[in-house]
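Everything numeric here is computed off the predicted structure, so don't read it as measured data.
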Amino acid sequence: MSVPIVGTVAELRATVAGWRREAASIAVVPTMGALHEGHLSLVRAALKKADRVIVTLFVNPKQFNSAADLQAYPRTEVADAARLAPLGAHLLYAPDASEIYPEGFATTVSVTGVSEGLCGAFRPGHFDGVATVVAKLFLQTGADLACFGEKDFQQLRVVRRMARDLDIPIIIFGCPTVRETDGLAMSSRNVRLSPPEREIAPRLAAILFETAERIAGGGRVDEALARARSLIVDAGYTRVEYLELRGEEDLAPMSKLDRPARLLAAAWLGQTRLIDNVRVMRE
Ligand code: PAF
């Protein structure tokens, strides 16, 4: 069994039109490829929610902060299609850049508020790139629902806000982060870790979970965050970019736990930047 692959909006829309004639509901799972179990869990979730599932594969140049990072991003389309086939995804949409950003493309979708701070502070323009491409993918596919991973929690909030603000009729589902057995959040960037870095990497998740428990148990937020920052560096991480407690819905900074929250972090391990987040709720 293989997944049909299309590369143009015209082919995509012709397929979708056929499904609509059958009154099928349609889900989209946007990806940049290099599929791992985290992506596959989104596809499985989408298959439970809709009659047809489109997986998109587009390495979006507008969301990378450096040409080197874009260049280094793994491109594994043949392997990706092979991984999707046994799941029963109905279509892989893998457009060229010219299909997404044709000659003269001049529009940027920019979401304020939830895109500010956290990754937004360290990756200027990143969420504009994400919001722009995801808006296009929603409009090109015309899907009824979309599945995104909670691993990129800020991205999930940006995409929800964008769809709501632009009246794009799509329901967005956030799906739980998938972790390796040692707790490391699955990410296409994990392949860049050297064997010693790979040993250290799961400490980030462990420290986030410990810190979340500490805060949920009534510990002072500022003290818990300071402790966690030094533990991450002591574990062997090169640098903590941010570690913050934010409101789960609005991503507003929180200095005490008075509503459901997320503890979000980005940290560098050698040349690799890893992000992770966990839920924090009063016990
Ligand atoms: O999470 C990703 O892989 C990307 O940011 C997305 C949502 C596919 C947009 O390019």
Side-chain angles (χ1 to χ4, degrees), residues 1-6 11-58 76-77 79-95 130 133-164 166-181 183-188 190 205 248-249 260 262 275-279 281:
M1 199 172 34
S2 62
V3 188
I5 305 179
V6 296
E11 292 167 301
L12 172 68
R13 290 213 163 124
T15 307
V16 167
W19 292 341
R20 290 296 185 202
R21 280 194 290 277
E22 298 162 17
S25 59
I26 300 171
V28 62
V29 179
T31 82
M32 296 205 299
L35 301 184
H36 51 65
E37 193 50 43
H39 297 109
L40 302 189
S41 74
L42 299 178
V43 177
R44 285 191 201 101
L47 283 162
K48 286 197 185 128
K49 295 175 195 300
D51 301 320
R52 301 282 185 276
V53 173
I54 304 169
V55 178
T56 71
L57 191 172
F58 178 63
T76 55
E77 187 178 322
D80 291 341
R83 298 207 75 180
L84 287 174
L87 299 189
H90 300 87
L91 191 69
L92 179 59
Y93 173 48
V130 170
V133 80
V134 173
K136 289 212 61 155
L137 294 170
F138 284 176
L139 295 169
Q140 291 183 346
T141 58
D144 304 300
L145 64 96
C147 293
F148 286 83
E150 287 187 344
K151 151 107 186 339
D152 296 296
F153 199 79
Q154 191 175 15
Q155 167 172 284
L156 172 62
R157 287 287 172 263
V158 168
V159 165
R160 278 218 172 113
R161 186 75 259 167
M162 175 276 291
R164 205 172 298 163
L166 298 182
D167 298 318
I168 301 180
I170 190 162
I171 300 168
I172 293 160
F173 289 92
C175 302
T177 302
V178 179
R179 298 181 179 279
E180 303 286 356
T181 48
L184 176 65
M186 288 195 185
S187 163
S188 308
N190 291 352
E248 187 157 56
E249 287 307 316
R262 284 270 162 177
I275 61 170
D276 201 347
N277 71 86
V278 300
R279 188 154 207 240
M281 285 257 289

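Taking every heavy atom of both residues into account, Ala34 and His39 meet most closely at O-CE1, 3.7 Å. Nearest approach of Pro4 to His90, heavy atoms of both residues: CD-O, 3.4 Å. Taking every heavy atom of both residues into account, Ala50 and Ile26 meet most closely at CB-C, 3.9 Å. When every heavy atom of Arg179 is checked against every heavy atom of Asn277, the shortest pair comes out as NH2-O, 3.6 Å. Here the closest non-hydrogen pair linking Ile172 and Ala163 is CD1-CB, 3.7 Å. Taking each heavy atom of Ala24 and Asp51 in turn, the nearest pair found is CA-OD2, 3.4 Å.
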Which is it for Trp19 and Leu91 under the side chain to side chain contact (heavy atoms under 4.5 Å, CB included) test, yes or no, and what are the steps along the way?
-> CA-CA 11 Å; Trp19 292 341; Leu91 191 69; 3.8 Å; yes
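Side chains of Leu57 and Glu77 form a contact here, defined as non-hydrogen atoms less than 4.5 Å apart. The shortest distance between side-chain heavy atoms of Arg157 and Glu249 falls below 4.5 Å. For the pair Val55/Val43, a side-chain contact is recorded, criterion being any heavy-atom separation below 4.5 Å from C-beta on. The shortest side-chain heavy-atom distance between Phe148 and Gln155 falls under the 4.5 Å cut-off. When side chains are defined from C-beta on, Pro176 does not count as touching Lys151, because their heavy atoms never get closer than 4.5 Å. The closest side-chain heavy-atom distance from Ile54 to Leu92 is not below 4.5 Å. Taking 4.5 Å as the limit, some side-chain heavy atom of Glu22 sits within range of a side-chain heavy atom of Arg52. Using a 4.5 Å heavy-atom cutoff, the side chains of Arg279 and Pro260 are in contact.
In this structure, OG1 on Thr56 lies 13.0 Å from NZ on Lys136, to the nearest 0.5 angstrom. Here the straight-line distance linking atom CG of Asp80 with atom OG1 of Thr31 works out to 6.5 Å at 0.5 Å rounding. To the nearest 0.5 Å, atoms CG (Leu40) and CZ (Arg83) are separated by 5.0 Å. With values rounded to the nearest 0.5 angstrom, Phe173 atom CZ is found 9.0 Å from Arg160 atom CZ. Distance check: Arg44 CZ to Cys147 SG gives 12.5 Å after rounding to the nearest 0.5 Å. To the nearest 0.5 Å, the span separating CG on Asp276 from OG on Ser187 amounts to 10.0 Å.
The pair Arg262-Glu150 meets the salt-bridge criterion, since a charged nitrogen lies less than 4.0 angstrom from a carboxylate oxygen.
No side-chain donor from either of Glu11 and Tyr93 sits under 3.5 Å from a side-chain acceptor of the other. A donor-acceptor pair shorter than 3.5 Å cannot be found between the side chains of Ser25 and Asp144.
A donor-acceptor distance shorter than 3.5 angstrom exists from the side chain of Asn190 to the backbone of Ala185, with no hydrogens or angles considered.
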